[in-house]
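All figures in this text were calculated on a predicted structure; none of them were measured in a lab.
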Amino acid sequence: MVKKKTVKKASLKKAKSSAKKHVYFFGGGKADGNGSMKNLLGGKGANLAEMAGHPSLKLPVPPGFTITTEVCTHFYESGKKYPAGLTEQVSTAMGKIEKIMGKKFGDAENPLLVSVRSGARTSMPGMMETVLNVGLTTKTIAGLIKKTGNERFVYDAYRRLMTMYSDVVMEKSAGLEPAEGKGVRHQLEKLMDGMKQAKGVTLDTELDADDLKELCVKYKAKIKEVIGKDFPDTAEEQLWGGIGAVFSSWNGKRAKSYRQIENIPHEWGTAVNVQSMVFGNMGKDSATGVAFTRNPGNGDNNFYGEYLIDAQGEDVVAGTRTPAPINKNSQNDQNRNEAMLEKVMPKVYKELHAIQNRLERHYRDMQDIEFTIENGQLFILQTRVGKRNGPAAVKMAVDMVKEKMISKKDAVMRVKPLQLDELLHPIIDPIEEKKVQPFAKGLPAGPGGASGRIVFDSDVAVKWFEKGEKVILVREETNPEDVEGMRAARAILTARGGMTSHAALVARGWGKCCIVGCGELKIDHREKTVKTKDLTLGEGDWITLNGTKGLVYKGTLPMIDATKENRYLVDFLKICDSERTMKVRTNADTPEDARKAREFGAEGIGLFRMEHMFYGEGADEPLFKLRKMILSNTEEERKNALKELYPHMKKDIKGTLKAMAGFPVTIRLLDPPLHEFVPHQEDQLRELAESLNVDMADLSRRVAKLKESNPMMGHRGVRLGVTYPEITEIEARAILEATAELVAEKHKVAPEIMIPVVGTDTEIVDQDAIIKKVYKEVCAKYGVKKLPLMVGTMIEIPRAALTAGKIAKVAEFFSFGTNDLTQMSYGFSRDDMGGFLIPYLEKKLLMEDPFQSLDQEGVGELITLGIERGRKARPKLKVGICGEHGGDPASIDFCYRAGMDYVSCSPFRVPIARLAAAQAKVSGKSK
Ligand code: ADP
Ligand code: MG
Ligand code: MG
């Protein structure tokens with residue numbers, strides 16, 4: 001008998017342990033999971049486990065458990081069913097919570113309440129659902145009132161549960177889509193407003209127990225009326241309703257569109273966290289708040305946060321009451337009169353301060369923390385790496401290196417290349433700003449300046465944006481439904497909400513200019529007006545925001561570039577430079593551009609386009625001469641025209657070489673099809689005819705001859721030099737004489753002549769011979785033995801990439817012209833792609849515009865091959881990229897892995913490229 005029993009026990013144990021683990025418990029100083037398990041437990045769940053269980057933390061986290069993201073995947077794959085064993089594992093875990101808390105879920109005497117919280121791998125603020133106070137029923141309400149002696153608190157919790165649950169579980173998750181303003185939450189809120197009005201109060205904290213009790217009765221009836229179902233009255237039903245709703249919220253409309261924007265895979269799924277409730281709404285010695293270990297708006301190393309007395313979770317971020325500052329650093333114009341936590345509950349504040357310190361050191365990054373105080377006792381409900389804007393990200397990275405909290409490599413990875421963009425963003429010209437008066441002031445939630453036209457609805461914002469309008473989304477407050485509109489807007493302005501409100505959080509994540517809590521604005525969404533005491537504006541009116549100071553102006557103001565004032569940016573980029581090996585050059589066509597690019601840190605010019613001296617300011621005269629050259633009929637005529645052009649070429653080249661102070665300058669020989677330069681206006685043609693000494697009929701014939709049916713693949717690039725060697729000759733002469741003169745003036749110079757549109761090695765052999773001839777002549781003329789010079793080629797025709805081995809025998813460097821290379825690899829005309837790109841993207845035939853981000857699979861293969869074959873022939877072959885892709889972080893990463901020596905991009909992208917090149921080095925492997 002005894003023997004039999006043990007066998008049975010053992011096999012039972014085995015069966016149990018072989019069942020898949022769906023539920024991870026945390027609490028009482030222990031945890032099944034830990035912070036590294038984000039994929040399985042979601043970010044929130046993993047960090048709750050880490051805080052509860054890690055030996056060096058063991059923070060006061062209410063006990064709970066996490067249902068894994070795998071269950072979410074199973075849920076969707078099996079038509080919304082749960083895997084075997086889940087129910088048992090949940091009830092076992094619930095038992096553990098009950099034991100620690102000394103309460104029982106659904107118990108009439110001493111009921112346990114829980115929250116059911118969503119939590120994906122990466123945080124999606126406000127996009128998914130959470131239900132608090134689950135477990136309150138007719139049966140448990142009485143028990144809880146008796147136990148706490150606080151009737152007001154219990155009915156406050158109950159009305160909150162009903163609001164959240166009916167909205168999240170009974171409506172949204174059930175797939176009901178009521179018309180605008182007809183949703184159950186809205187209707188319940190209307191009852192609340194009615195009650196406040198009837199009582200002559202403005203805050204929900206001013207309602208007493210009887211009021212709330214009465215409200216709960218009304219809520220129940222309203223829910224029945226709107227949804228057509230009774231509010232569930234057992235704890236168990238509420239629990240499973242909540243769990244199902246959280247899983248369902250993963251595929252809610254706004255969660256989906258947020259994932260789309262943020263590129264979060266739909267397959268990841270969310271975890272569900274069930275956690276014992278702690279109550280911030282138990283009276284004056286209770287509170288709830290949100291805090292950041294450093295200021296997320298500017299990066300200052302100051303503990304920063306907001307809180308509300310007698311409130312629950314949502315209240316702080318919802319912006320229904322003005323949150324108070326936790327300390328002096330968190331004060332602003334809006335909350336200055338509210339009492340600080342540091343003063344009101346000094347002991348709790350001290351404890352919170354110590355915890356935030358530990359958390360930041362533990363995670364070695366700025367943390368965004370949720371806390372609740374129940375009758376003077378502190379609980380930590382969440383921690384995560386805090387979202388921050390670009391300026392804050394840069395400052396924190398630099399400071400944390402100085403504080404020896406992180407390494408330089410860590411620092412490099414802490415700033416997203418696109419965040420740097422925010423520091424390079426415009427601000428309102430301070431001189432112009434001084435001349436005008438703002439009409440309103442709010443909280444500076446997202447820095448920088450922006451002008452745009454007022455729109456009041458997200459839909460309109462999106463529509464106008466698509467028409468190319470600059471819009472500013474102006475709203476009473478934003479909620480997660482507005483994400484797409486916020487995305488489309490240049491800036492966001494709200495009348496309500498604090499620095500941790502939804503609008504502020506989302507804007508900060510995206511680096512958008514944003515002002516919140518602009519209380520003096522009266523916004524009427526129906527009438528589409530925004531009013532202050534003495535001003536009324538409507539949809540379409542222009543306003544300008546200073547998101548750094550929180551000021552709102554009527555009309556538009558000029559913007560300027562703020563980059564140079566930021567010393568943290570300079571320090572940060574120095575850190576990047578110390579970690580990267582790939583060089584960053586710029587595409588610049590004038591001495592001015594070259595100087596600007598040097599300020600941004602460019603280490604040379606990767607593309608100086610000869611033709612650019614014929615465009616823009618002061619180009620009239622050279623352009624006229626170029627046109628003469630193009631329309632010349634004989635070599636004689638052409639040579640004369642070129643002679644006139646020569647001084648212009650030499651001057652610009654000399655200026656640019658000098659500005660780059662010894663850094664290499666790659667000068668590309670004339671590239672575009674000639675007909676691009678031919679004028680269309682009658683008077684200009686007449687002037688040309690006169691100067692060439694021909695009649696108009698003759699000139700028209702010459703113009704007509706230049707017309708091509710496919711100019712992109714026509715008489716351009718190296719082909720010009722092949723047919724008119726005198727063009728190559730004069731260009732080489734301008735470059736080399738400029739060089740010789742600078743050398744004689746003791747300047748350091750490093751010119752590189754680049755031949756475009758090469759497809760065969762014979763072409764470059766042909767052109768190289770011309771350049772070498774000029775080289776000898778110039779050396780002789782200036783009485784020098786040699787001059788600095790490299791001769792190389794663009795690789796922008798697939799054939800050139802394939803025959804790179806032969807080409808590299810002559811070419812000393814390659815520069816991948818990925819615009820043309822992409823065009824010719826796909827056979828997509830750069831100029832005509834607009835006609836079909838959008839459907840390609842929508843149907844996901846292309847994941848991205850290949851002209852924006854390099855197609856690594858196809859075009860990238862040509863590059864890899866080209867480099868391999870080129871370097872085989874010439875091991876020291878210098879290789880770079882000069883297409884638009886040179887400023888795209890993902891493409892830069894590819895270039896590094898492919899073994900390029902440098903990338904070249906437009907001047908304003910140089911800082912971004914410096915960061916991206918450093919990140920490529922820190923995170924990757926080069927060939
Ligand atoms: P989100 O991901 O949208 O922030 P959360 O799950 O963090 O959603 O919960 C929303 C709010 O409810 C937060 O302020 C959180 O601190 C609070 N909250 C969640 N669970 C509890 C709990 N067990 N006790 C008290 N407050 C809670
Ligand atoms: Mg949260
Ligand atoms: Mg090209």
Side-chain angles (χ1 to χ4, degrees), residues 113 132-133 136 141 144-145 148-167 184-223 277-290 306-326 331-341 343-345 348 371-376 476-477 479 494-498 500-501 516-517 519-523:
L113 302 191
L132 305 179
N133 308 323
L136 266 182
I141 282 172
L144 195 61
I145 292 174
T148 58
N150 190 341
E151 191 178 8
R152 189 197 175 279
F153 148 69
V154 176
Y155 284 111
D156 184 55
Y158 194 44
R159 62 101 186 165
R160 289 171 188 272
L161 167 68
M162 281 197 277
T163 308
M164 282 180 262
Y165 195 94
S166 63
D167 174 40
V184 66
R185 178 183 279 264
H186 186 78
Q187 308 233 29
L188 298 183
E189 275 164 4
K190 263 191 1 213
L191 290 177
M192 163 70 95
D193 288 343
M195 174 69 86
K196 283 196 274 194
Q197 221 160 32
K199 294 278 157 185
V201 299
T202 51
L203 300 174
D204 53 60
T205 41
E206 293 167 305
L207 296 175
D208 64 21
D210 287 339
D211 301 335
L212 289 168
K213 189 172 175 182
E214 189 187 326
L215 202 58
C216 285
V217 175
K218 288 188 176 162
Y219 271 28
K220 233 179 210 172
K222 191 51 123 188
I223 292 169
M277 281 302 299
V278 287
F279 301 104
N281 55 335
M282 289 190 82
K284 290 267 174 277
D285 60 350
S286 301
T288 180
V290 177
E306 296 174 326
Y307 80 108
L308 276 172
I309 295 269
D310 198 6
Q312 209 175 48
E314 318 276 64
D315 296 2
V316 178
V317 277
T320 37
R321 265 160 71 191
T322 304
I326 56 167
Q331 280 186 332
N332 56 43
D333 289 347
Q334 193 193 48
N335 67 20
R336 204 168 297 286
N337 298 324
E338 313 286 333
M340 295 183 278
L341 184 67
K343 288 272 152 62
V344 181
M345 303 184 194
V348 176
F371 63 92
T372 283
I373 301 158
E374 176 182 315
N375 297 138
E476 184 69 18
E477 62 194 321
N479 56 54
T494 72
R496 294 213 268 175
T500 49
S501 67
V516 298
E520 59 210 291
L521 299 181
K522 296 276 165 295
I523 296 169

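- Here the CD atom belonging to Glu206 is positioned 10.5 Å from the CG atom belonging to Asp211, to the nearest 0.5 angstrom.
- One finds the CD atom of Glu189 at 9.0 Å from the NZ atom of Lys196 (value rounded to the nearest 0.5 Å).
- One distance of note links CG of Asn335 with CE of Met340; it measures 9.5 Å at 0.5 Å rounding.
- Listed by chain and number, the residues in a salt bridge (charged side-chain N to carboxylate O under 4.0 Å, His left out) with Arg496 are Glu476, Glu477 (sequence neighbours excluded).
- The minimum heavy-atom distance between Tyr155 and Cys216, with the atom names listed, is O-SG, 3.5 Å.
- With sequence neighbours excluded, the residues that form a side-chain contact (heavy atoms from CB on, under 4.5 Å) with Ala311 are Thr288, Leu308, Asp315, Arg321.
- Residues satisfying the salt bridge (charged side-chain N to carboxylate O under 4.0 Å, His left out) test with Asp310, not counting sequence neighbours, are none.
- Test Leu144, Ile145, Ile141 against Glu151 for side-chain contact (heavy atoms from CB on, under 4.5 Å) and you get one pass: Ile145.
- For Leu191 against Leu215, the heavy-atom pair with the smallest separation is O-CD1, 3.8 Å.
- The two residues Met277 and Asn133 come nearest to each other via the heavy atoms CE-OD1, 3.3 Å.
- Under the rule for a ring pair (Phe, Tyr, Trp, His ring centres under 6.0 Å), the partners of Tyr165 that lie at least two apart in sequence or sit in another chain are Phe231.
- When side chains are defined from C-beta on, Leu188 does not count as touching Arg185, because their heavy atoms never get closer than 4.5 Å.
- Counting heavy atoms from C-beta on, the side chains of Ile373 and Ser286 never come closer than 4.5 Å.
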**Request:** Check the pair Met164, Leu132 against side chain to side chain contact (heavy atoms under 4.5 Å, CB included), reporting the backbone distance first and the verdict last.
**Result:** CA-CA 7 Å; Met164 282 180 262; Leu132 305 179; 3.7 Å; yes
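- The line from OG1 of Thr148 to CE of Met282 is 5.0 Å long, rounded to the nearest 0.5 Å.
- Screening Thr163, Leu212, Leu136 for a side-chain contact (heavy atoms from CB on, under 4.5 Å) involving Tyr158 leaves a single residue, Leu136.
- With contacts defined as side-chain heavy-atom distances shorter than 4.5 Å, the pair Leu207/Met192 qualifies.
- Between Lys190 and Lys222 there is no side-chain heavy-atom pair separated by less than 4.5 Å.
- Put simply, OG1 on Thr494 and CG on Leu521 are 9.0 Å apart, with the number rounded to the nearest 0.5 Å.
- Atoms CG and CD, on Asn281 and Glu374 in that order, are 9.0 Å from each other to the nearest 0.5 Å.
- Looking at Ile309 and Met345, their side chains come closer than 4.5 Å, going by heavy atoms from C-beta outward.
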**Request:** Assess whether side chain to side chain contact (heavy atoms under 4.5 Å, CB included) is satisfied between Phe371 and Val348, documenting all intermediate values.
**Result:** CA-CA 11 Å; Phe371 63 92; Val348 176; over 6 Å; no
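- For the side-chain contact (heavy atoms from CB on, under 4.5 Å) test, no residue two or more places apart in sequence or in another chain qualifies with Ala221.
- In this structure, Gln334 and Thr322 have side chains that are in contact, with non-hydrogen atoms separated by less than 4.5 Å.
- Partners of Phe279 according to the ring pair (Phe, Tyr, Trp, His ring centres under 6.0 Å) rule, which considers only residues two or more places apart in sequence or in another chain, are Phe153.
- Nearest heavy atoms, Ala324 versus Ala339: CB-O, 3.4 Å.
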